[in-house]
Amino acid sequence: MTGTYHIWTIGCQMNEADSRHLASQLEALGFVETKQASDADITVLNTCVVRQQPEDKAVRKLTDLGGVKKNRRHGMIIALMGCMVGKREAEDLAVRFPFVDIFMAPSQTDALIEFILQHDAYSHLNRAQVELADYRLPAVNREKTVTAFVPVTLGCSHVCSYCVIPHRRGPDRSRAPEEILSEVRALAVQGIKEVNLLGQIVDRYGFDLEEGINLAWLLKEVARIEGILRVRFLTSHPAYMDEELIRAVAETDKVCPCFEIPFQAGSDRILESMRRGYTQAEYRQIVANIRKFVPAASINTDVIVGYPTETEEDFLETMKLYGELKLDLAHIAKYSPRPRTLSAKMKDDVSADEKESRRLRLDELVARTMGENNAPMLGQTVEILVEEFQEGKNRWRGRTPQNKIVFFEDSTDRFGQLVQVKIEWAGPFSLIGRAL
Ligand code: SF4
């Protein structure tokens with residue numbers, strides 16, 4: 001063993017994927033994971049600044065780590081990674097947190113590997129060890145994970161007024177198809193059954209590649225890989241959700257009929273201010289197209305409440321859009337201004353109380369709609385991919401193709417299997433059934 005590492009991750013699935021990749025690289029160098037940051041020789045914080053709350057959490061964590069490092073006799077490498085680190089921010093952060101050894105922008109895991117290889121304590125290691133490990137799962141994932149996130153587009157070139165991601169992850173670019181397919185093949189060999197193709201705008205995949213290579217093509221190619229039982233993709237942008245993609249989902253058995261398409265706001269005035277590039281009517285049309293070709297599809301969304309200038313009437317348009325479309329899930333965020341974004345120049349004029357009230361009202365509508373959408377599943381048989389055994393509750397947990405959570409009891413080992421389950425109880429957030 002070379003030493004120990006600990007990675008703390010917050011934020012989106014892209015960060016999860018970056019952390020998994022970094023863990024594989026560190027393990028290839030001989031480092032072993034430890035659960036406690038304070039015990040690790042290398043600690044990485046993989047951060048998110050999409051909202052203020054995760055940023056505050058990372059700062060607290062980092063400050064604690066500074067204290068731990070001071071009291072360590074054998075030193076410790078601390079790396080700060082992810083969306084907290086932009087080109088401009090790294091200098092300020094180095095002044096604020098002088099005990100951090102290295103700052104890495106999102107996905108730039110190689111920077112830490114180079115730093116380690118140059119470090120006196122690790123000069124006996126070499127880069128070739130890491131190259132061999134690129135598609136290996138880290139030990140922690142090997143026996144208890146059946147799903148894996150695979151980034152396919154990196155960065156984002158849209159400039160939604162409120163969003164900091166383009167400033168931190170750079171312009172969007174597609175990964176080469178051979179690289180993605182090799183990674184998925186390697187994951188399948190290691191026991192992964194479901195892959196989730198990721199991008200800030202995943203449906204833009206291939207825009208910078210040769211003609212004919214797009215997300216519809218990629219979904220079909222990934223679905224052909226032996227051992228892969230299910231393919232998912234997120235997050236889509238309404239502007240790129242075309243008929244070819246919807247048909248690919250409809251026609252490819254292994255591709256799950258589950259769409260993640262943020263609408264963010266129901267009011268056209270707010271959508272324009274957000275620079276989202278579509279209207280409420282266009283969003284409705286996309287939902288109608290999906291339901292025409294994929295009637296069983298679930299459609300999930302993201303919504304921001306309390307955006308600057310959002311009136312009660314604007315908010316009611318959001319409620320109306322969600323309620324009428326009866327979407328399956330909404331991730332609701334209360335607006336908070338992010339540095340260097342366009343909306344940060346606007347007055348954050350919706351009070352904290354009002355934002356919370358709007359969040360609660362929408363949350364209540366979402367929960368009620370989820371309950372109504374799930375109720376007809378009572379008595380139906382669904383196919384689930386089993387992801388986990390919950391020791392305390394003595395039951396298995398899995399998901400339907402629509403990404404609904406299902407629990408069932410079974411004394412045999414069902415991990416990683418596709419199981420037919422008859423639904424005997426349907427709540428808004430989960431279903432309970434009996435394995436057939
Ligand atoms: S599409 Fe908009 S919200 Fe999504 S990552 Fe790009 S800029 Fe941010």
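By convention here, the first residue in the shown sequence is residue 1. Counting starts at 1 for both ligands and their atoms, in listed order.
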message = Evaluate T9 against N15 for side-chain hydrogen bond (donor to acceptor under 3.5 Å, both in side chains), listing each step before the verdict.
response = CA-CA 7 Å; T9 309; N15 273 8; over 6 Å; no
With Y307 via ring pair (Phe, Tyr, Trp, His ring centres under 6.0 Å) - residues at least two apart = Y335
query = So, for F233 and Y205, is the gap between ring centers shorter than 6.0 Å?
reply = no
task = For atom 6 (Fe) of ligand 1, check which protein N, O or S atoms are under 2.8 Å away and list them.
result = C156 SG
task = Sequence neighbours left out, what pairs pass salt bridge (charged side-chain N to carboxylate O under 4.0 Å, His left out) with at least one residue falling in residues 259-269?
result = R269-D314
query = So is R204 actually on top of F207's ring, under 6.0 Å and inside 45° of the axis?
reply = yes
request  = Please collect all ring-ring contact (aromatic ring centres under 6.0 Å, His included) contacts where either partner lies in residues 138-167, sequence neighbours excluded, each pair once.
outcome  = H158-H237, H158-Y240
remark   = Which of D208, T153, N214 passes side-chain hydrogen bond (donor to acceptor under 3.5 Å, both in side chains) with S174? It is D208
key: Identity and distance of the protein heavy atom lying nearest atom 4 (Fe) of ligand 1   = R276 NH1, 4.3 Å
remark   = shortest atom 3 (S) of ligand 1-to-protein heavy-atom contact is with Y162 OH, 3.5 Å
